[in-house]
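One structure below.
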Amino acid sequence: MISYAKALDLLESAATELGVESISSLNALERICAQDIFSPIALPSFDNSAMDGFAVRYNDTLSASQEGPLELRITEIIQAKASALKFAVAEAGCCCEIMTGAPIPAGYDAVIPIELVHLIERDGQNYIQIKHAVKMHDNVRFSGEDVGLGALLFKRGQQIQANDVMLLASLGIVQLNVFKALSLAIATTGEEISDNYAQELQHGEIYNSNAPLLMNLAAARCFAPRYAGILRDHKTTLQEFIQTSSEQILITTGAVSKGKWDFIPDTLRELGAEIIFHAVAIRPGKPVLFARLKDGRFFFGLPGNPVSSMVGWRFFVIPLLRKMLAKERETSFKLRLEQTFKKRHSLRQFLKARLSIQDGLATAQISHAQESFKIHSLTTNDLWAIALEDDLELCTGDLINVVPMYASFK
């Protein structure tokens, strides 16, 4: 049995980076960048007005007051999409009407909102009357103020979110190099497991909860999961699963401990697989197995208890996937404990916990239902609190490492 820290090192050492493909940035949601992405243009690409109003020269407005209103002659109307180059340079005592997003003509350095002016027509000329000075650069959006030309937008290994797609579109980036989708095959083991959810269980049977869990955890665009069904408790079913699956990572649940029907470790050895580790000093999920198949693909044997399977995915499969997708190792953050917690072993323990807000401060509340067969407590908690090997007693107010219950690839 090895430590969790050692298991992580072995996982990351074994990881192989995925191939790269080019896709439309409009379809890049949840995909992982395969290279750094830099801005090809500035955003905004030209100085423009932040609102409908009048472009003015700041100096021209300094004398305006309630007692002495100032009048400025309107020389032009500038619409969005207009080219600032075709407009005359600003003259003293003049202004131009301007729409939101329209370019600021040369010489103007502020925009006064339309609702703050009074319009006057005199002798066939249009004027605005203002009763206070404006500040320089009021309501002007400058070129590059949001994104500078050549600015780093996304780092290699970053996952694209919906707001990122918006930014890419605004910069005219239509193609993106991303890591290819990672293929997974998921199977469960056990004579007692039933996938027939519409049929009443026979005595001794249980519904399959691990496969729906893992399939939904893997349901992201950077993964391509396939459910391979139930492997009955015989080595031939595992052999067939491995030999007929083409996915890069194979995952099973159950049959990895030391019971009479726990056939997976011996079968893997017979098939020439390299078992990189089997049994890690954690709770729950101690029997977890990680192997490299003869053809170089990876195999995870996760324990069959539901919470153990989830811990196996969250703290073993996810770190391997992160490494294959060029992402850095996940870091935890700390919260203060809301109550005392004791453990009677020197294993690292992943505890179901909930983010709690007390008097405006965030704390971690550890669930009382830590047994690995208890599924309902997973639905009422949103954190994993991590009690380290030497943390035999943690007291109220102590800091504890936590991570979100569900992994993010952001």
Side-chain angles (χ1 to χ4, degrees), residues 4-5 7-8 11-12 15 17-18 20 23 25 27-37 152-168 176-184 186 210 212-225 248-249 251 282 285 288 298 300 302 306-335 348 350-357 362-367 377-386 400-410:
Y4 179 70
L8 270 189
L11 278 170
E12 293 180 346
E17 202 166 278
L18 294 172
V20 175
I23 64 170
S25 59
N27 298 320
L29 183 66
E30 296 182 355
R31 299 299 294 271
I32 307 294
C33 294
Q35 64 184 75
D36 291 347
I37 302 173
L152 176 63
L153 303 174
F154 306 110
K155 296 182 70 174
R156 184 172 182 267
Q158 187 167 340
Q159 187 175 41
I160 298 297
Q161 306 298 321
N163 51 325
D164 301 328
V165 174
M166 173 192 284
L167 179 60
L168 292 167
L176 205 60
N177 287 334
V178 298
F179 288 109
K180 291 182 177 179
L182 184 59
S183 58
L184 310 166
I186 296 166
N210 288 342
L213 166 75
L214 296 174
M215 288 295 292
N216 278 277
L217 288 174
R221 295 191 185 193
C222 51
F223 304 133
Q248 296 153 290
I249 297 178
I251 302 174
I282 61 168
V288 62
F298 295 118
F300 281 100
L302 308 183
V307 180
S308 297
S309 286
M310 187 165 183
V311 165
W313 171 271
R314 183 67 179 83
F315 295 101
F316 293 92
V317 181
I318 288 295
L320 179 71
L321 301 183
R322 290 182 70 91
K323 188 68 174 180
M324 295 178 76
L325 293 165
K327 296 191 68 65
E328 295 178 356
R329 183 180 289 190
E330 183 180 17
T331 56
S332 60
F333 59 97
K334 294 182 183 292
L335 288 177
R348 180 172 301 210
F350 300 105
L351 299 158
K352 291 171 276 187
R354 182 168 60 87
L355 176 67
S356 179
I357 306 297
T363 59
Q365 185 180 71
I366 294 175
S367 171
S377 53
L378 288 173
T379 69
T380 57
N381 291 280
D382 50 17
L383 298 173
W384 292 106
I386 306 170
I400 190 168
N401 292 314
V402 299
V403 295
M405 180 161 285
Y406 302 103
S408 169
F409 283 85
K410 295 180 181 177

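Because the structure is a prediction, the values reported are computed rather than measured. The residues of the chain are indexed from 1 along the displayed sequence.
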Would you call the rings of F350 and F315 parallel, tilted or perpendicular, taking 30° and 60° as the class edges? parallel
Hey, does [Y] have a side-chain heavy atom less than 4.5 Å from the side chain of [X]?
| X | Y | result |
| --- | --- | --- |
| M310 | W384 | yes |
| Q159 | L325 | no |
| V20 | Q35 | no |
| N401 | K334 | yes |
| L182 | Q248 | yes |
| C222 | E30 | no |
| S25 | R31 | no |
| L321 | I249 | yes |

### Task
Please report the C-alpha distance between M405 and L378 in whole Å, then the side-chain angles of each, then the deciding distance to 0.1 Å, and finally whether the side-chain contact (heavy atoms from CB on, under 4.5 Å) criterion is met.
CA-CA 9 Å; M405 180 161 285; L378 288 173; 4.2 Å; yes
To the nearest 0.5 Å, what is the distance between [atom1] on [X] and [atom2] on [Y]?
| X | Y | atom1 | atom2 | result |
| --- | --- | --- | --- | --- |
| L383 | K352 | CG | NZ | 13.5 Å |
| Q158 | L153 | CD | CG | 9.5 Å |
| I366 | S356 | CD1 | OG | 12.0 Å |
| L320 | L11 | CG | CG | 5.5 Å |
| N210 | I186 | CG | CD1 | 10.5 Å |
| L184 | F223 | CG | CZ | 6.5 Å |

Q) Given the rule in the side-chain contact (heavy atoms from CB on, under 4.5 Å) test, do I386 and L351 qualify, once you have shown the distances and angles that lead to the verdict? A) CA-CA 6 Å; I386 306 170; L351 299 158; over 6 Å; no
Minimum-distance pair of heavy atoms, taken over all atoms of [X] and [Y]:
| X | Y | answer |
| --- | --- | --- |
| L302 | S309 | CD1-O, 3.6 Å |
| S367 | N381 | CB-ND2, 3.7 Å |
| Y4 | P319 | OH-CG, 4.3 Å |
| L213 | P306 | CD2-O, 4.2 Å |
| A15 | F298 | CA-CZ, 4.1 Å |
| F154 | C33 | CB-SG, 4.0 Å |

Practice item. Please lay out, stage by stage, how T380 and R354 fare under the test side-chain contact (heavy atoms from CB on, under 4.5 Å). Key: CA-CA 8 Å; T380 57; R354 182 168 60 87; 5.8 Å; no
**Asked** Do F316 and F300 have their ring centres less than 6.0 Å from each other?
**Response** no
Notebook entry, point to check: Between D382 and L355, is there a donor-acceptor pair closer than 3.5 Å when you use the side chain of the first and the backbone of the second?
Noted result: yes
| Does R322 pair with E330 as a salt bridge, N-O distance under 4.0 Å? | no
